[in-house]
Amino acid sequence: MASGPNSNTTPAQAKICVYCGSSPGKNPAYLKAAQELGKLMAENNIALVYGGGTVGLMGEVAKTIVSIAGPDAVHGIIPEALVKWERDSTYSAIKDANGYHVPEEQIYGRTTVVKDMHTRKHMMAQEVIEGGPGSGFIALPGGYGTMEELLETATWNQLGIHDKGVCLLNINGFYNGLTEWIKTAVDEGFVKNGNSNILVSASDAEGALKALREYKVSDARYGLNWSNE
C-alpha cells in the first residue's frame with residue numbers, strides 16, 4: 001500500500017472513507033449526523049468509499065450522497081459473506097457480473113464484492129490514499145466493526161502506511177470514552193504524546209470535513225518503509 005498524494009498535475013477528487021454502524025442507533029441524532037455528513041460531502045464534491053451496507057448509518061450516508069451527486073460518487077466495498085447474510089429488499093433482483101445480488105446502484109451507488117475483510121479494508125484505504133486534498137477517514141458511531149476499522153486505520157497512520165487524517169465524528173459524546181482512553185494511554189506511556197492527535201475529533205459534519213482538510217501529520221510516527229505494501 002503506497003502512501004502519499006496522487007501524482008497527477010490536476011488534483012484528484014477528495015475521497016472519504018466513512019466507518020459507522022449498520023444500525024441507526026437509539027438516538028435520532030446519529031441518523032441526522034449521517035445525513036448531514038452525506039449532504040456536506042456531496043455539496044463539496046467529496047466521494048464516499050464505505051463498507052457497502054444499505055441499513056443503519058452506513059446506508060443513510062450512501063443514500064444521501066447518491067440522491068445529490070449520483071451513484072458514481074459512492075463506492076461500497078463488501079465481502080461476499082456479508083452480501084449473502086445481509087441481502088434484503090434493498091438489494092437488486094439483478095445480479096452483477098460475478099453473480100452477486102448487490103444494492104440498487106441508483107440508490108446506494110456502485111458496489112464491489114470482495115472475498116474477505118482484509119481485501120475490503122485494503123481497497124477502501126487505497127482509494128482514500130489516492131484521493132485529493134481533504135481525503136481521509138471519518139468514524140460515525142458504531143459497534144465492534146466500526147471500532148476495529150477505526151483503530152486499525154489509526155495504527156496504519158502511526159506506522160507510516162498512510163498520512164491521511166482520521167477523525168471521530170463525536171455525536172452526543174459517543175466517543176468520549178475513546179478519547180479518554182487515548183489520554184490515559186499517553187499518561188501511562190503506551191502512546192507517544194506526539195501521536196495522541198493521530199485521531200482528531202469533531203462534534204459535527206462540517207467540523208469533521210474541516211479537520212481532514214487541516215490535518216497535520218504527527219512527527220512522532222514511525223519512519224517505516226512500506227513501499228511494497
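Surrounding NZ of Lys192 are more than 12 heavy atoms belonging to other residues, nucleotides or ligands, all under 6.0 Å away. In the displayed structure, Glu152 atom CD is contacted under 6.0 Å by more than 12 heavy atoms of other residues, nucleotides or ligands.
Panel note: side chain Asp204, backbone Gly207; a donor-acceptor pair is recorded below 3.5 Å. Formation of a donor-acceptor pair under 3.5 Å by the Asn44 side chain with backbone atoms of Leu40 is found in this model. Side-chain atoms of Tyr175 come within 3.5 Å of backbone atoms of Leu140 as a donor-acceptor pair (strictly under, hydrogens ignored). Of the possible polar contacts, none joining the Tyr50 side chain to the Ile16 backbone as a donor-acceptor pair under 3.5 Å is found. Although no hydrogens or angles enter the test, the distance criterion places no donor-acceptor pair under 3.5 Å between the side chain of Arg120 and the main chain of Val114. Side-chain N or O atoms of Thr64 include none that pairs as donor or acceptor with a backbone N or O of Lys39 at under 3.5 Å. Side chain of Asn197 to backbone of Val200: no donor-acceptor contact under 3.5 angstrom is found. The closest donor-acceptor contact from the side chain of Asp116 to the backbone of Pro79 lies at 3.5 Å or more, if one exists at all.
Residues Lys32 and Glu36 are not paired through a salt bridge, judged by the lack of any N-O separation under 4.0 Å between the basic side chain and the carboxylate.
Residue pairs meeting the salt bridge (charged side-chain N to carboxylate O under 4.0 Å, His left out) criterion with at least one partner in residues 55-79, sequence neighbours excluded, are Glu60-Lys63.
Tested against Ile129, the residues Lys15, His162, Met124 include a single side-chain contact (heavy atoms from CB on, under 4.5 Å) partner, His162.
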Show your reasoning for whether salt bridge (charged side-chain N to carboxylate O under 4.0 Å, His left out) applies to Arg110 and Glu105. CA-CA 5 Å; Arg110 299 172 295 117; Glu105 184 170 331; 5.9 Å; no

